[in-house]
Amino acid sequence: MRRRIDPEQGIELIRCYWMGRELSKADQQRAIRFALEEFAVRHPGKSVEIRIPWVGAVQAISGPVHTRGTPPNIVEMDGQTWLDLVIGREPEGRIRASGTRADLSSFMPLFGPAQLQEKQR
């Protein structure tokens with residue numbers, strides 16, 4: 001997968017979100033897209049589509065390949081819910097999932113405390 005967001009910038013945005021810092025709308029969208037990219041890199045495949053409406057979507061997780069129409073395994077949520085999931089927080093938003101492979105719980109959190117601790121300068 002070709003990355004569109006520099007991983008160093010992306011993890012810094014995720015770190016800021018984890019620490020409770022306010023992100024601008026553009027930075028929040030960039031953090032969401034980075035987390036989607038990172039998920040697809042770590043869990044390659046095309047059996048599940050993860051959608052964050054108005055921000056982005058990726059296909060990931062190995063298994064039966066989807067080729068036409070609506071994928072059989074879809075997970076959809078708002079951006080804040082996605083960011084909460086990837087850092088291991090209990091999400092407040094609603095997650096819509098359909099399909100037998102649409103449970104992402106075994107893949108979360110995507111970023112752990114060791115990755116999110118503020119860098120020593």
Side-chain angles (χ1 to χ4, degrees):
M1 170 178 202
R2 186 177 136 270
R3 287 193 181 262
R4 295 175 184 230
I5 298 169
D6 178 332
E8 285 185 32
Q9 292 175 351
I11 195 66
E12 186 59 32
L13 291 169
I14 298 292
R15 187 176 290 121
C16 288
Y17 182 81
W18 178 71
M19 295 174 73
R21 295 182 186 155
E22 190 72 30
L23 296 179
S24 69
K25 184 174 180 174
D27 282 346
Q28 186 176 18
Q29 289 178 339
R30 197 171 298 114
I32 293 164
R33 288 184 186 115
F34 168 71
L36 286 168
E37 286 179 5
E38 187 67 18
F39 190 90
V41 166
R42 291 188 195 185
H43 308 289
K46 295 190 180 278
S47 70
V48 178
E49 186 166 289
I50 302 166
R51 298 176 180 172
I52 312 302
W54 310 111
V55 181
V58 293
Q59 289 186 351
I61 304 173
S62 62
V65 176
H66 160 71
T67 56
R68 289 186 166 185
T70 302
N73 300 291
I74 298 173
V75 181
E76 185 174 295
M77 66 198 83
D78 65 76
Q80 184 170 344
T81 300
W82 173 245
L83 289 176
D84 286 342
L85 279 177
V86 301
I87 64 172
R89 264 190 214 148
E90 186 67 34
E92 294 180 19
R94 186 172 148 223
I95 301 169
R96 291 168 295 286
S98 64
T100 58
R101 303 179 59 80
D103 181 3
L104 301 180
S105 61
S106 65
F107 301 100
M108 296 299 169
L110 193 59
F111 304 103
Q115 293 173 291
L116 298 172
Q117 295 295 325
E118 193 159 21
K119 287 186 194 178
Q120 301 297 321
R121 298 183 200 264

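Keep in mind that the numbers below use all heavy atoms, side chains included, and drop hydrogens, waters and symmetry copies.
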How close do [X] and [Y] get, counting heavy atoms only, and between which atoms?
{"X": "Pro109", "Y": "Val86", "answer": "CB-O, 3.6 Å"}
{"X": "Glu37", "Y": "Val58", "answer": "N-CG1, 4.5 Å"}
{"X": "Phe34", "Y": "Pro7", "answer": "CE1-CA, 3.6 Å"}
{"X": "Val55", "Y": "Gln29", "answer": "CG1-O, 3.8 Å"}
{"X": "Ala40", "Y": "Ala60", "answer": "CA-CB, 4.1 Å"}
{"X": "Trp54", "Y": "Arg33", "answer": "O-NH2, 4.5 Å"}

* Residues that Arg101 engages under side-chain contact (heavy atoms from CB on, under 4.5 Å), provided they are two or more places apart -> Ser47, Val48, Ile61, Pro64, Asn73
* Only counting residues at least two apart or in another chain, list the ones meeting side-chain contact (heavy atoms from CB on, under 4.5 Å) with Gln80. =>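 Tyr17, Gln28, Asp78, Asp84.
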Measuring from [X]:[atom1] to [Y]:[atom2], what's the distance to the nearest 0.5 Å?
{"X": "Lys46", "Y": "Ser62", "atom1": "NZ", "atom2": "OG", "answer": "12.5 Å"}
{"X": "Leu23", "Y": "Leu83", "atom1": "CG", "atom2": "CG", "answer": "8.0 Å"}
{"X": "Glu38", "Y": "His43", "atom1": "CD", "atom2": "NE2", "answer": "8.5 Å"}

Would you check if [X] and [Y] make a side-chain contact, meaning some heavy-atom pair closer than 4.5 Å?
{"X": "Leu104", "Y": "Phe39", "answer": "yes"}
{"X": "Val75", "Y": "Arg51", "answer": "no"}
{"X": "Leu110", "Y": "Ile14", "answer": "no"}
{"X": "Thr81", "Y": "Arg94", "answer": "no"}

* **Main-chain N/O of Trp18 paired to Arg89 side chain as donor or acceptor, under 3.5 Å** => yes
* Asked: Under the 3.5 angstrom rule, does the side chain of Arg15 hit a backbone N or O of Gln115 as a donor-acceptor pair?
  ->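 Here the side-chain-to-backbone pair exists.
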* To do: Can you establish whether the number of heavy atoms outside Arg4 located under 6.0 Å from its atom CZ is more than 12?
  => no
* Does the side chain to side chain contact (heavy atoms under 4.5 Å, CB included) test come out yes or no for Glu49 and Glu76, once each step is laid out? -> CA-CA 8 Å; Glu49 186 166 289; Glu76 185 174 295; over 6 Å; no
